[in-house]
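Below are the C-alpha cells for one structure; questions will follow.
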Amino acid sequence: MKILAIIFALSLLAATPLAAQEGSRNNRAGLWGGFGFGMGSISCSDCSERSSDISGTAYIGGTVSPSVQLGASTHVYTEEQGGARLDGGALVFSARLHPSEGDFFILLGAGLANFDAEISVGSFSVSDSEQGGAGVIGIGYDIPISSSGKLALTPFGNWIVTSVGDTIEFFQFGLGLTWN
C-alpha cells in the first residue's frame with residue numbers, strides 16, 4: 001500500500017514539469033473514458049481494523065466544457081482471506097471538474113453500492129449481499145502520453161463512502177489510462 005501511495009505521489013510530481021513545459025493539451029471534447037487499477041483499503045463502522053487488497057475503476061462520459069466532464073464511473077474492491085471473500089463497489093453518476101481547465105481534476109459522484117460476502121469452510125458456504133447509497137470524492141491528474149494529448153496516464157486517489165451495513169468505506173490509489 002505504501003509503495004502504491006509513493007508511486008501515485010511521484011507520478012503527480014513528475015507530471016507538473018511536463019505540463020509546465022508543454023502547456024496543457026486540453027483536448028477535452030466529446031466522448032471520454034478509461035479504466036484504472038491499484039490498491040484499495042476498506043473499513044466499516046463495525047470493523048476493528050482496515051484491510052487492503054485489489055481495487056479498480058472504469059469511467060465513461062461526455063464533455064460539457066473544457067473544465068467539466070459528466071459521466072458514470074464504477075469503483076470496485078475485492079478481497080479474499082482464508083475462505084472469506086468480499087466483493088463490492090459503487091456505480092455512480094460522476095463529474096470530473098478541471099480547475100483552470102488544466103490536467104488536474106477533482107472527481108465528485110453519487111449513486112448506488114453493492115457488497116457481496118461469502119465464507120466457505122470445506123463444502124459448506126454462507127453468502128450475503130447488501131445494497132445502499134454511495135458517494136465518491138477523488139483527485140487525479142491526466143499525464144498526456146500521445147502527441148495529440150488524447151491519451152493519458154492518470155494517477156488517481158478516490159474515497160468511496162457507502163450506506164451498506166452501518167457504513168462501508170474504501171480508498172483507492174492507482175494508475176489509469178484515459179482517452180479524450
Self-check item: Contacts of W179 that satisfy side chain to side chain contact (heavy atoms under 4.5 Å, CB included) - sequence neighbours left out
Solution: L31, L151
Quiz item: So which of D142, T63, V68 actually passes side-chain contact (heavy atoms from CB on, under 4.5 Å) with R96?
Solution: D142
Practice problem: Evaluate the side-chain proximity of T167 to T162: yes if any heavy-atom separation is below 4.5 Å, no if none is. | Solution: no
Quiz item: OG1 of T154 to CG of L175: how many Å apart, nearest 0.5 Å?
Solution: 7.5 Å
Practice problem: Side-chain contact test, heavy atoms from C-beta onward, threshold under 4.5 Å: evaluate it for N114 versus S129 and give yes or no. | Solution: yes
Self-check item: Pairs involving residues 128-138, ordered by first then second residue, that meet salt bridge (Lys or Arg N to Asp or Glu O under 4.0 Å) (sequence neighbours left out)
Solution: none
Practice problem: Determine which pairs satisfy ring pair (Phe, Tyr, Trp, His ring centres under 6.0 Å) with at least one residue from residues 113-136, sequence neighbours left out, and list them in order. | Solution: none
Quiz prompt | Heavy-atom closest contact (S43 atom, R50 atom, distance) | solution = CB-NH1, 3.2 Å
Exercise. Could you list the residues that satisfy side chain to side chain donor-acceptor pair (under 3.5 Å) with Q81, not counting sequence neighbours?
Key: E79
Self-check item: Beyond-backbone contact of T74 with L91, side-chain heavy atoms, under 4.5 angstrom
Solution: yes
Quiz item: Just checking, any donor-acceptor pair under 3.5 angstrom between side chains of T78 and E80?
Solution: no
Quiz item: Are any of the side-chain heavy atoms of S51 and Y77 separated by less than 4.5 Å?
Solution: yes
Quiz prompt | Closest approach of K150 to S146 (non-hydrogen atoms, all atoms of both residues) | solution = N-OG, 3.3 Å
Practice problem: Could you tell me which non-hydrogen atom of V164 sits nearest to which non-hydrogen atom of A113, and how far apart they are? | Solution: CG2-CB, 3.9 Å
Quiz item: Looking at residues at least two apart in the chain, or sitting in another chain, which of them share a ring-ring contact (aromatic ring centres under 6.0 Å, His included) with F105?
Solution: H98
Self-check item: Transitive ILVMFWY cluster of W32, excluding itself - 4.5 Å side-chain cut-off
Solution: Y59
Quiz prompt | Any side-chain heavy-atom pair of I42 and L86 under 4.5 Å | solution = yes
Practice problem: Measure the shortest side-chain to side-chain distance between V136 and Q172 over non-hydrogen atoms and say whether it is less than 4.5 angstrom. | Solution: no
